[in-house]
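In listed order, ligands and their atoms are each counted from 1.
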Amino acid sequence: MSSSFGTVFKATTFGESHCAGVGVVVDGCPPRLPLTEADVQRQLDRRRPGQSRLSTDRNETDTVRILSGTENGLTLGTPIALLVPNRDQRPADYASMQQAPRPSHADYTYQMKYGIRAASGGGRSSARETLARVAAGTVAEKLLRERFGVEIVAWVGAVGDVDAPEVDVLTVDRAGVDRFDVRCPHAESAGRMMAEIARVKAASDSVGGVVACVCRNAPAGWGEPVFGKTEALLAQAMLSIPATKGFEIGSGFAGARMRGSTHNDPFVGKAGRLGTLTNRSGGVQGGITNGEPIVFRVAFKPPATIGQAQATVDFDGAPVTFEARGRHDPCVVPRAVPIVESMAALVLADLALIQSTRK
Ligand SMILES: Cc1cc2nc3c(=O)[nH]c(=O)nc-3n(C[C@H](O)[C@H](O)[C@H](O)COP(=O)(O)O)c2cc1C
């Protein structure tokens, strides 16, 4: 199983949904970077279950401990190990999943691949694994912010049929995103999104959505053509997040409907460098950052585990009516916002360190 991500700045995650804990080892982080548990905790709290009525009722404090790699609040350049114990485990909730694989979840495929699986809550396929990504991502973000001035902000762009209008990618910030539990900075859309999530939750159903993200101040020159193109690595990073179904950068799929004459981004002089007037490229050309904001969107499906009866079959192929117990997210996008930011940070921190060896 590939549990490592990155080449120079490398994160290796471990842990299942209902084992003793989930964590990550970050290797390749440069020395003398200020890093405390509080830095990591801030972003973990935004991913935490039970933080609002829009998420699962599983109540975890998700308190992180830094086990190695720092002293007196500074990184040492050695592997940084971060651990978050699991506390609110209820494996009994998953008894029905021992017999039948959950439709559209990972029970069947894990069983086929390994011949065994952690049936208590999805094991590695559970979103609990993503807290290790967020822990690693906060370290990457610190590096990017302090050494390169890079800022990363994600927000909810859609829930079901409710689309938010375009957000100003130059000014959107986390305080504005966190004003509403749903993490959409547009007040009117946020209200409609929250109402939609409340409706699907009441109906024991679930709903999908879109997370948008901007990475500002990345200089021109990051990205490794041809297989390590920035957008290719971002796509891999985003599509490795559970429940993702789509990735688009810049104009994305809408660009397929346009003509070159309206799609091209003309160059202009910008404060001593070349910039572009528009940004349909999404900040990347030829796989290399061009100095404009990197802008992309990630589509999330409606989570598979719903409280409604579903006709399916058990592991032996016998018809069963499946009705999930346990605590589940009716919509994952509000909690996915810090996960998307963290995966973007892991990609860019790696590319930044690789580029620092190029010139
Ligand atoms: C933040 C977050 C929370 C999630 N919560 C749930 C959940 O409560 N119930 C569920 O069935 N899936 C949930 N998922 C999605 C599953 O982990 C995922 O669908 C499953 O591992 C199968 O993988 P796939 O959808 O990528 O194929 C969540 C995903 C994320 C990112």
Note to self: Between Thr305 and Asp329, does the side chain to side chain contact (heavy atoms under 4.5 Å, CB included) criterion hold? Intermediate values first, please.
What the structure shows: CA-CA 8 Å; Thr305 314; Asp329 289 287; over 6 Å; no

Side chain to side chain contact (heavy atoms under 4.5 Å, CB included) assessment of Cys215 paired with Leu348
CA-CA 9 Å; Cys215 309; Leu348 294 185; 3.7 Å; yes

Looking only at protein heavy atoms, identify the closest one to [atom] and say how far it is in Å.
atom	result
atom 16 (C) of ligand 1	His105 NE2, 3.8 Å
atom 2 (C) of ligand 1	Ala127 CB, 3.4 Å
atom 7 (C) of ligand 1	Asp329 N, 3.7 Å
atom 9 (N) of ligand 1	His328 ND1, 3.4 Å
atom 31 (C) of ligand 1	Pro242 O, 3.4 Å
atom 28 (C) of ligand 1	Val332 CG1, 3.5 Å
atom 13 (C) of ligand 1	Pro303 CB, 4.0 Å

Counting both backbone and side chain atoms, is some N or O of [X] under 3.5 Å from an N or O of ligand 1?
X	answer
Thr305	yes
Ala243	yes
Ser125	yes

- Message: Does the residue Lys301 have a heavy-atom contact with ligand 1, meaning some pair of atoms that are separated by less than 4.0 Å?
- Response: yes

- Message: So Arg128 and Asp62, do their side chains get closer than 4.5 Å, heavy atoms only?
- Response: yes

Please answer whether the main-chain N or O of Glu224 pairs with a side-chain N or O of Lys229 as donor and acceptor at a distance below 3.5 Å. no

Evaluate whether atom CZ of Arg257 has more than 12 neighbouring non-hydrogen atoms of other residues, nucleotides or ligands under 6.0 angstrom away. no

Report task. Please test Thr63 against Val84 for side chain to side chain contact (heavy atoms under 4.5 Å, CB included), starting from the C-alpha separation and ending with a verdict. Result -> CA-CA 6 Å; Thr63 308; Val84 176; over 6 Å; no

So, do Phe148 and Trp222 have ring centers that fall under 6.0 Å from each other? yes

query: Side-chain donor-acceptor pair under 3.5 Å between Glu16 and Ser126, yes or no?
result: no

